[in-house]
Amino acid sequence: MKVLLVGSGGREHALAWKLSKSKLLKHLYVAPGNGGTEPVAINVPIADNDIPGLIKFIRDKKMDFVVVGPEDPLAAGLVDAVEDLGIKAFGPRRSAAALEADKAFAKKIMHANAVPTADSRVFDRFADAKSYIASRETALVVKAAGLAKGKGVFVCDDPSDAILAAEKILNERIFGPAGERIVVEEKLIGQEASILAFVDGRTIYVMESSQDHKPIGDGDTGPNTGGMGAYSPAPVVTEKIMAQIDREVLVPIVDGMNRQGAVYQGVLYGGMMITAGGPKVLEFNVRFGDPEAQPILMRLQSDLLEVMLAVCEQRLDQITLRWDPRPAVCVVMASGGYPGSYAAGKEIHGIEQAEALEGVKVFHAGTRRQDNRLLTSGGRVLGVTALGASIAEAQQRAYQAVDCITWDGAYCRRDIAHKALPAAT
Ligand code: AMP
Ligand code: GLY
């Protein structure tokens, strides 16, 4: 098959790497890809949100299958447009992608289907938001309703901070049109976990659990980022909790979307808070997580292309998902300054040495190749990922690999997967 993968992050390198192993694959193209996808695929210089450009390429080059990595093209209807050409595409259609692209819609469907989540209110006028926030005594979270690259959320222990956040989003429009409405909700306490599932509209196959590390600093300090590291499985998600998430979250949401006529196909990602009162949904994403995809795909033994095709053809029930029992840990190496401003164009050294270590794979995110040199080109640069016999071994190998890699200004958290170690609980 001729397959086009859309996206350019660490998640897309992991997807490209896994797709390139498929026995069904003949040619793999990535638009636009990065320095890591180049050796396993053909990079095509079309931006992931250039829907007309992508459609022209898919039609002209006669692709057989399209895999969409990030949320923006899903929300913009890329899957619908590919299907209009009579070609299959992996990912939800626009109407179903609203589960991530519109947090107010996600809250509505959760309430309608009794899915456990934080109590919330939606506002489009600052004055209303302000008087509501002022009337509350507990800590609140203020979120832009639209897509803001994982950065549109303010966790506020103090009501005055929540009012300030509402003002920035609604009045100052710091996230542009993504901030036309806000969701204000109670702050939940617990450990976070990412639960991803393949969904074909009828069958739900839950993947192995994982945990992301959103804040920039060790000990979960500082501003939120796209994700500074992840590991799988997450011990906080016991079998009982996983069954509860399946029963109380995934099944009702997939049924609820069906009843709305927005049949869900693709990866459904529940960002969960495991609270003392059970698991509650923080958000839904309509795609693989980044960096969760890196450890999860390291552990997936099944043919990914076969699974994705089965999702599109609604025959997921005929597939078996096989997993490597070994845990995996991914440490994100970022440009110094991220998630604020940072320098790009720094030369990266040491990836070969890192990958020579047992069980290690280095996924690229913000990298590009120029004259045989590998340069940084983004905030999150690499996802250094390792398998090990235990979380502790995977973590040790990942950091050993990180220590082989250098560039001017490289930064990473030093405590990825720490919460999963027995001594930490
Ligand atoms: P979201 O994009 O909605 O998942 O929010 C990003 C991050 O903000 C989450 O991963 C949490 O760390 C934090 N967060 C979001 N909502 C809440 C909440 N209700 N209570 C506590 N933390 C939250
Ligand atoms: N790692 C969080 C996300 O992909 O949204």
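In what follows, residues are counted from 1 in the order of the sequence shown. For ligands, and for the atoms within them, numbers begin at 1 and follow the listed sequence.
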State, yes or no, whether a side-chain contact exists between Val311 and Val199 at a heavy-atom distance under 4.5 Å.
no

Honestly, for Asp212 the part within reach of ligand 1 (heavy atoms, under 4.0 Å) is neither

Using a strict cut-off of less than 4.0 Å between a Lys/Arg side-chain nitrogen and an Asp/Glu carboxylate oxygen, indicate whether Asp408 and Lys346 qualify as a salt bridge.
yes

Gly226 heavy atoms, cut-off 4.0 Å: which ligand 2 atoms fall inside?
1 (N), 2 (C)

For ligand 2, does Glu292 get within less than 4.0 Å through its side chain, its backbone, both, or neither, judged by non-hydrogen atoms?
side chain

Using a 6.0 Å cut-off, check whether atom CZ of Arg94 has over 12 heavy atoms from anything other than its own residue.
no

Please determine which of Leu4, Leu54, Ile58, Val6 meets the side chain to side chain contact (heavy atoms under 4.5 Å, CB included) test together with Val82.
Ile58

Taking atom CZ as the centre, does Arg125 end up with more than 12 heavy-atom neighbours from other residues, nucleotides or ligands that are less than 6.0 angstrom away?
no

Going by an N to O cut-off under 4.0 Å, is there a salt bridge joining Asp102 and Arg181?
yes

Quick one: which of Val183, Val141, Ile189, Asn224 has a heavy atom closest to atom 7 (C) of ligand 1?
Asn224

Using a strict 4.0 Å cut-off to heavy atoms of Gly289, name the atoms of ligand 2 that fall inside it.
4 (O)

What do you reckon, are the aromatic ring centroids of Tyr411 and Tyr342 less than 6.0 Å apart?
no

Heavy-atom distances under 4.0 Å are what count here, so tell me which part of Val153 touches ligand 1: side chain, backbone, both or neither.
side chain

Any heavy atom of Pro291 closer to ligand 2 than 4.0 angstrom?
yes

Atoms of ligand 2 less than 4.0 Å from Tyr269 heavy atoms?
1 (N), 2 (C), 3 (C)

Which ligand 2 atoms, with their elements, are less than 4.0 angstrom from a heavy-atom of Asp212?
1 (N), 2 (C)

Could you tell me whether Glu185 approaches ligand 1 through its side chain, its backbone, both or neither, with non-hydrogen atoms closer than 4.0 Å?
side chain

Can you list the ligand 1 atoms lying under 4.0 Å from a non-hydrogen atom of Lys143?
3 (O), 15 (C), 16 (N)

Numbered atoms of ligand 2 (with element) below 4.0 Å of Lys214, judged on heavy atoms:
2 (C)

Can you tell me the protein heavy atom closest to atom 5 (O) of ligand 2 and the distance?
Arg287 NH2, 2.9 Å

Heavy atoms only, cut-off 4.0 Å: how does Glu186 contact ligand 1, side chain, backbone, both, or neither?
backbone

Hey, which atoms in ligand 1 end up nearer than 4.0 Å to a heavy atom of Met273?
21 (C), 22 (N)

Tyr132 ring centre to Arg121 NZ or CZ under 6.0 Å, with the angle to the axis within 45°?
yes

Do Thr385 and Gln294 have side-chain N/O donor and acceptor atoms under 3.5 Å apart?
no

Geometric N/O contact Glu192 with ligand 1, under 3.5 angstrom:
yes

If we set the cut-off at 4.0 Å for heavy atoms, which region of Leu282 has an atom near ligand 1: side chain, backbone, both, or neither?
both

Between the side chains of Ser194 and Asp212, is a donor N or O closer than 3.5 angstrom to an acceptor N or O?
no

Answer yes or no: are there more than 12 heavy-atom neighbours, outside Lys88 itself, under 6.0 Å from its atom NZ?
no

